[in-house]
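Encoded as structure tokens, the structure appears first; notes follow it.
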Amino acid sequence: MTQHAPDKAAKKLFIKTYGCQMNVYDSQRMAEAMGADGYVLTEDQADADMVLLNTCHIREKAAEKLYSDLGRLKPLKAERPDLKIGVAGCVAQAEGEEIIRRMPLVDLVVGPQTYHRLPAMVRGEAPRILTDFPEEDKFDHLPGPRATRRAPAAFLTVQEGCDKFCAFCVVPYTRGAEVSRPVDRILNEARDLLARGVREITLLGQNVNGWHGRGADGREWGFGRLIRALAEIEGLDRIRYTTSHPNDMADDLISAHRDIPALMPYLHLPVQSGSDRILKAMNRKHTADQYLRLIDRIRDARPDILLTSDFIVGFPGETDEDHAETLQLVERVGFGTAFSFKYSPRPGTPAYDRPEVEAGVADARLQELQALLTRQQKATQQAMVGRSLTVLFEKSGREAGQMVGKSDYLHSVFVQAPRAQVGDLLRVRIVESAANSLRGELLD
Ligand code: 5AD
Ligand code: SF4
């Protein structure tokens, strides 16, 4: 398959991705960039010529994982000193050369805005630490995707960074200010993905619904308008997006959920807390009631929409009463699923120095919230039983003839479909709900 001369025999690259979907997308682009330099991906770290860890800084635990993984790489590096070890992503951005000081086995440190220079760094033609926010757009300097087939569901980053400055969050510092990619680049990348077998695109951004840009018609477009333009592209069967801020749910985006069949009935809309006092301390700039009224408007537009959210428990100053208000909000909304986290103080953020809630108290609150969210998840899945949905098949399952795919509502669905192929979008009747997936039967 490769056309490289023997002296450029394929080297092997192992990438480990931590954190959010933005990182999954970035890892893919880095793999493509390195591919242009003769590297192929390997699943086997022990066999790699280069190990790249694409890291997450959002909570302390996520950041510490990098150091334990680097520790585990020591014997491999001792055995093969020519093994290259690179650290990319948000820890790279936040800690820069500190990483090499702490872990001298690291050869390269590259931030999320500079990874187009990774191949040059590996060749020794660029500094070994690059974590600035360059003037140029990395996407202009990355090799165009190669004409290889892709899995049927793909990510496409349309927006990066965040200007919201929630008091707990490192993203405005690690990913920088909000930047929207231009319309034509996004549409071209979408067309390219479709030509390579993709049928479902998830638009990504730290604050994706804050995306804006100038359309082909010369007008200023909001995110809803972008989705409308994407939906017109032949062959794009499903559109999703994540992650959104409640204050950027514009009317045009809400009505897109009513008007556009390809826009899937699923919305991840983090609220973090149900207490106005805590929302204020978090600098979320909305109240619990405003969130609930927003949810009503979204459900008016798309009654069956599945809602998910993020929650932080134990934010500094959170009382039992505040926590009870979070539980109430969850009861009121009824989420399909949600992520909940114990507050983790992050250096450099406004909340870092505030007095912490006692760990035991925060743990108990987390358990209580998670129990409620699990009940809601079960109920949501159970309500799917008997319904016919579409499933986009992404891979074969463990049993003979079994396929696994995602429903409109993003549930994993296992189906006996011996003649189906990866990439088929078929109608399925849901017959059973399991812990984290559904079972269905082919209808056609
Ligand atoms: N501590 C705990 N959770 C956090 N999140 C972001 N920052 C922190 C933090 N310092 C959570 C939020 C966010 C999700 C991606 O991670 O809930 O929505
Ligand atoms: Fe983690 Fe945020 Fe970076 Fe994603 S953007 S990898 S969640 S720190």
Are the ring centres of Phe335 and Phe311 closer than 6.0 Å?
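Yes; Phe311 has its ring centre under 6.0 Å from that of Phe335.
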
Beyond-backbone contact of Asp310 with His268, side-chain heavy atoms, under 4.5 angstrom:
yes

Can you tell whether the side chains of [X] and [Y] come within less than 4.0 Å, N to carboxylate O?
X	Y	answer
Lys406	Glu200	no
Asp289	Arg293	yes
Asp47	Lys12	yes
Asp363	Lys342	yes
Arg29	Glu32	yes
Arg429	Glu441	no
Arg240	Asp408	no
Asp140	Lys138	no

Separation of [Y] [atom2] from [X] [atom1] (nearest 0.5 Å):
X	Y	atom1	atom2	value
Leu66	Cys56	CG	SG	11.0 Å
Leu156	Asp192	CG	CG	9.5 Å
Ser340	Gln370	OG	CD	3.5 Å
Leu13	Gln45	CG	CD	11.0 Å
Leu118	Tyr39	CG	OH	9.0 Å
Cys166	Ile312	SG	CD1	8.0 Å

Nearest heavy-atom pair of [X] and [Y]: which atoms, and what distance?
X	Y	value
Arg284	Val271	NE-O, 4.0 Å
Val357	Gly317	CG2-N, 4.2 Å
Val422	Met403	N-CE, 3.5 Å
Ile233	Ala190	CD1-CB, 4.1 Å
Ala33	Pro119	O-CG, 3.7 Å
Leu52	Ala88	CD1-CB, 4.1 Å

Those residues at least two apart in sequence (or on a different chain) that pass ring-ring contact (aromatic ring centres under 6.0 Å, His included) with Phe393 are none

Taking atom types as modelled, find out whether [X] and [Y] have a side-chain donor-acceptor pair closer than 3.5 angstrom.
X	Y	answer
Asp26	Tyr115	yes
Thr308	Thr337	no
Glu136	His116	yes
Asp137	Gln113	no

Between [X] and [Y], how do the two ring planes meet: parallel, tilted or perpendicular, split at 30° and 60°?
X	Y	answer
His286	His245	perpendicular
Phe223	Tyr241	perpendicular
His411	Tyr409	tilted

Treating [X] as the side-chain partner and [Y] as the backbone partner, does any N or O pair qualify as donor plus acceptor under 3.5 Å?
X	Y	result
Ser309	Leu269	yes
Gln381	Ala434	yes
Asn209	Ala250	no
Arg238	Ile201	no
Thr114	Val110	no
Arg199	Asp237	no
Gln93	Gly111	no
Ser344	Glu60	yes
Arg228	Asp252	yes
Arg128	Val106	yes

Identified side-chain hydrogen bond (donor to acceptor under 3.5 Å, both in side chains) counterpart of Lys16 within the set Asn54, Thr55, Asp69
Asp69

More than 12 heavy atoms of other residues, nucleotides or ligands under 6.0 Å from [atom1] of [X]: is that the case?
X	atom1	result
Arg101	CZ	yes
Arg299	CZ	yes
Phe339	CZ	no
Lys285	NZ	yes
Tyr352	OH	no
Glu220	CD	yes

Not counting sequence neighbours, which residues clear side-chain hydrogen bond (donor to acceptor under 3.5 Å, both in side chains) with Gln367? List them please.
none

Could you tell me whether Arg181 sits above the aromatic face of Phe139, with NZ or CZ closer than 6.0 angstrom to the six-membered ring centre and within 45 degrees of the axis?
yes

Does Arg59 qualify as a cation-pi partner of Phe341, given the criterion of NZ or CZ under 6.0 Å from the six-membered ring centre and within 45 degrees of its axis?
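Judged by the rule (NZ or CZ under 6.0 Å from the ring centre, within 45° of its axis), Arg59 counts as positioned above Phe341.
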
Sequence neighbours excluded, which residues qualify as salt bridge (charged side-chain N to carboxylate O under 4.0 Å, His left out) partners of [X]?
X	answer
Arg80	none
Asp163	none
Arg332	none
Glu64	Arg102

Yes or no on side-chain contact (heavy atoms from CB on, under 4.5 Å) for Asn207 and Thr243, after CA distance, side-chain angles and deciding distance?
CA-CA 6 Å; Asn207 208 5; Thr243 287; over 6 Å; no

Kindly indicate, with the supporting measurements, whether the criterion salt bridge (Lys or Arg N to Asp or Glu O under 4.0 Å) is fulfilled by Lys280 and Asp276.
CA-CA 6 Å; Lys280 191 153 202 299; Asp276 288 347; over 6 Å; no

Just do the salt bridge (Lys or Arg N to Asp or Glu O under 4.0 Å) check on Asp296 and Arg302 with the steps written out, would you?
CA-CA 10 Å; Asp296 287 343; Arg302 183 78 208 228; over 6 Å; no

